[in-house]
2 protein chains.
Amino acid sequence: MDDCLKILKDHKFKITPKRKAVIELFLTSRKCLKPYDVYKAVRKRLDSLGLPTIYRILDEFCRIGIIKRLQSDDGQLVYAFCSSQKKHSHYFVCLNCNKVQEVSVCNINGISRYIEKNLGAKVESHQLQLEGICSECK
Amino acid sequence: MDDCLKILKDHKFKITPKRKAVIELFLTSRKCLKPYDVYKAVRKRLDSLGLPTIYRILDEFCRIGIIKRLQSDDGQLVYAFCSSQKKHSHYFVCLNCNKVQEVSVCNINGISRYIEKNLGAKVESHQLQLEGICSECK
DNA sequence: TCCATAAATAGAAATCATTTCTGTTTATGG
DNA sequence: CCATAAACAGAAATGATTTCTATTTATGGA
């Protein structure tokens, strides 16, 4: 949590109850959440809350790297806590409980080299999303 | 093109001018396209066309594997021609021209094994999206 | 601690992507 | 050709996301 607050401060964002509540939610749930999911969960703990606020906070958090926007099947925006850098992310999403776990190991370099060699392209970033069933859901 | 028409027939879909035009577009452009992009492009060549038709066709084509829904930064639906199977896809997207190229090489097995061993999870599918600048745009 | 100020917010309203619905048209097998 | 189910256009509805405006609040400095 403190790490996240530090990121906020570093980017001159104010520490507000809404922002703290959103961080708290992501830290404790560790799941892929849609904006409305976040809204519902956070609204329970606060007296007033607007959905646009959630959209704005999620967008800000994405920009400064507190959370990450992930691929969703249905095209809706989906976010998850993610400590890794922007240019290089691997995460495992449980198809059952929606929990997201980051994967630190990376052997993408081989693929990047392959692409740079065979397609003649320059690889700037990559995102690997693995899906399956997590240990708890098995 | 014939491959795609065969897929349509195999799935009992009718070969209509709209569907052919959409296939044609994806085959020739090879780019990530949003539904409205497809609509604009296809409308030029046909006398009448409704946007819902495009949405339906894109959805059908996705289901039968002619195209694939890719990750877009802004959460909008984005599609590209993709011959690979559903469970296993790697593509390189040019950040400049938006062209999509499939990458056949795969060394994800190592990561999958890592996940299955360390997270105790079962990996069902994965999607690797690499981004950068393609040879033509360099 | 208090104050000034810019940032953050709620709530209403607008926008825009996507889907649904209905009546008409069309591809296709017989 | 014809019958039929599938495909379609166009209008309308839906629902996610964004914009706008007036109000509230966090924060750095007195």
Side-chain angles (χ1 to χ4, degrees), chain A residues 1-2 4-25 32-64 66-67 69-79, chain B residues 1-2 4-25 32-64 66-67 69-79:
Chain A
M1 166 63 102
D2 289 340
C4 295
L5 296 184
K6 182 171 186 316
I7 296 176
L8 279 183
K9 280 187 182 163
D10 288 347
H11 287 82
K12 313 281 186 211
F13 283 109
K14 290 179 177 173
I15 311 295
T16 68
K18 327 264 151 134
R19 285 181 177 146
K20 279 203 284 193
V22 171
I23 291 172
E24 177 100 25
L25 173 65
C32 272
L33 298 172
K34 296 180 180 185
Y36 195 74
D37 298 331
V38 176
Y39 174 69
K40 277 186 299 184
V42 171
R43 191 175 46 178
K44 283 185 194 159
R45 324 181 109 258
L46 298 170
D47 46 346
S48 73
L49 179 66
L51 192 48
T53 298
I54 295 300
Y55 273 93
R56 189 171 20 73
I57 289 178
L58 292 175
D59 194 50
E60 291 160 357
F61 283 11
C62 250
R63 286 207 312 274
I64 63 181
I66 292 179
I67 57 175
R69 184 177 282 173
L70 303 192
Q71 166 106 9
S72 72
D73 334 343
D74 61 356
Q76 251 191 276
L77 301 181
V78 170
Y79 299 87
Chain B
M1 169 62 103
D2 288 341
C4 295
L5 297 184
K6 182 171 185 316
I7 296 175
L8 279 183
K9 281 187 182 163
D10 288 348
H11 288 81
K12 314 279 186 212
F13 283 108
K14 290 180 179 173
I15 311 295
T16 68
K18 327 265 152 134
R19 285 181 178 147
K20 278 203 284 192
V22 171
I23 291 173
E24 177 100 26
L25 174 65
C32 271
L33 297 172
K34 295 179 180 186
Y36 195 72
D37 298 331
V38 175
Y39 174 69
K40 276 186 300 184
V42 171
R43 192 176 46 178
K44 282 184 195 159
R45 324 182 108 258
L46 297 170
D47 46 345
S48 74
L49 180 66
L51 191 47
T53 299
I54 295 300
Y55 275 91
R56 189 170 21 73
I57 289 177
L58 292 175
D59 193 52
E60 292 160 356
F61 283 10
C62 251
R63 287 207 311 276
I64 63 180
I66 291 179
I67 58 176
R69 184 177 283 173
L70 303 192
Q71 166 106 8
S72 72
D73 336 344
D74 61 356
Q76 253 190 275
L77 301 180
V78 170
Y79 299 86

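Values reported hereafter were calculated over all heavy atoms of this structure, with side chains retained and with hydrogens, waters and symmetry mates removed. Chain letters run A, B, ... following the sequence lines, proteins first and then strands; every chain starts at 1.
Residues C4(A) and I66(A) come closest through the heavy atom pair O-CD1, 3.8 Å. Nearest heavy-atom pair across L8(A) and I64(A) is CD2-CD1, 3.7 Å.
Chain B approaches DNA chain D within less than 4.0 angstrom (heavy atoms of the protein), and the contacting nucleotides run 5' to 3' from dA5(D) to dA11(D).
Distances shown here put a side-chain N or O of R56(A) below 4.0 Å from the OP1 or OP2 atom of dT9(C).
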Original post:
Is there a side chain to side chain contact (heavy atoms under 4.5 Å, CB included) between C32(B) and Y79(B) once you walk through the steps?
Top reply: CA-CA 5 Å; C32(B) 271; Y79(B) 299 86; over 6 Å; no
Original post:
Going through the distances and angles, do V42(B) and E24(B) end up as a side chain to side chain contact (heavy atoms under 4.5 Å, CB included)?
Top reply: CA-CA 9 Å; V42(B) 171; E24(B) 177 100 26; over 6 Å; no
**OP:** Output, in order, the C-alpha distance, side-chain angles, deciding distance and verdict of side chain to side chain contact (heavy atoms under 4.5 Å, CB included) for Y36(A) and K40(A).
**Re:** CA-CA 6 Å; Y36(A) 195 74; K40(A) 277 186 299 184; 3.6 Å; yes
Original post:
Step by step, would you call V38(B) with V22(B) a side chain to side chain contact (heavy atoms under 4.5 Å, CB included)?
Top reply: CA-CA 7 Å; V38(B) 175; V22(B) 171; 4.2 Å; yes
Output a table of donor-acceptor pairs, distance under 3.5 Å, between side-chain atoms of residues 45-61 of chain B and any protein atom two or more places apart or on a different chain; print 'none' if there are none.
unit_1: T53(B); atom_1: OG1; unit_2: R56(B); atom_2: NH2; d: 3.3
unit_1: D59(B); atom_1: OD2; unit_2: R63(B); atom_2: NH1; d: 3.1
unit_1: E60(B); atom_1: OE1; unit_2: R19(B); atom_2: NE; d: 3.2
unit_1: E60(B); atom_1: OE1; unit_2: R19(B); atom_2: NH2; d: 3.0
unit_1: E60(B); atom_1: OE2; unit_2: R19(B); atom_2: NH2; d: 3.2

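Among residues two or more places apart in sequence or in another chain, the side-chain hydrogen bond (donor to acceptor under 3.5 Å, both in side chains) test is passed with K34(A) by D74(A), Q76(A).
Rounded to 10 degrees, the angle between the two end axes of the helix from dT1(C)-dA30(D) to dG30(C)-dC1(D) is 50°, with five pairs used at each end.
In this structure the side chain of R69(B) never reaches within 4.5 angstrom of the side chain of V78(B), judged on heavy atoms.
Spacing between atom CZ of R43(A) and atom C1' of dT9(C) amounts to 16 Å, rounded to whole angstrom units. The distance from atom CD of E60(A) to atom P of dA8(C) is 6 Å, rounded to the nearest whole Å.
A salt bridge links K6(B) with D10(B): the closest approach of a Lys/Arg side-chain nitrogen to an acidic carboxylate oxygen falls below 4.0 angstrom.
Each of I57(A) and K9(B) was assigned the nucleotide of DNA chain C with the nearest heavy atom; the assignment lying further toward the 5' end belongs to I57(A).
Only F13(A), K14(A), T16(A), K18(A), R19(A), listed by number, bring a heavy atom of residues 10-21 of chain A to less than 4.0 angstrom from any atom of DNA chain C. Contacts with DNA chain C (heavy atom under 4.0 Å) in residues 45-55 of chain A: S48(A), L49(A), G50(A), P52(A), T53(A), listed by number.
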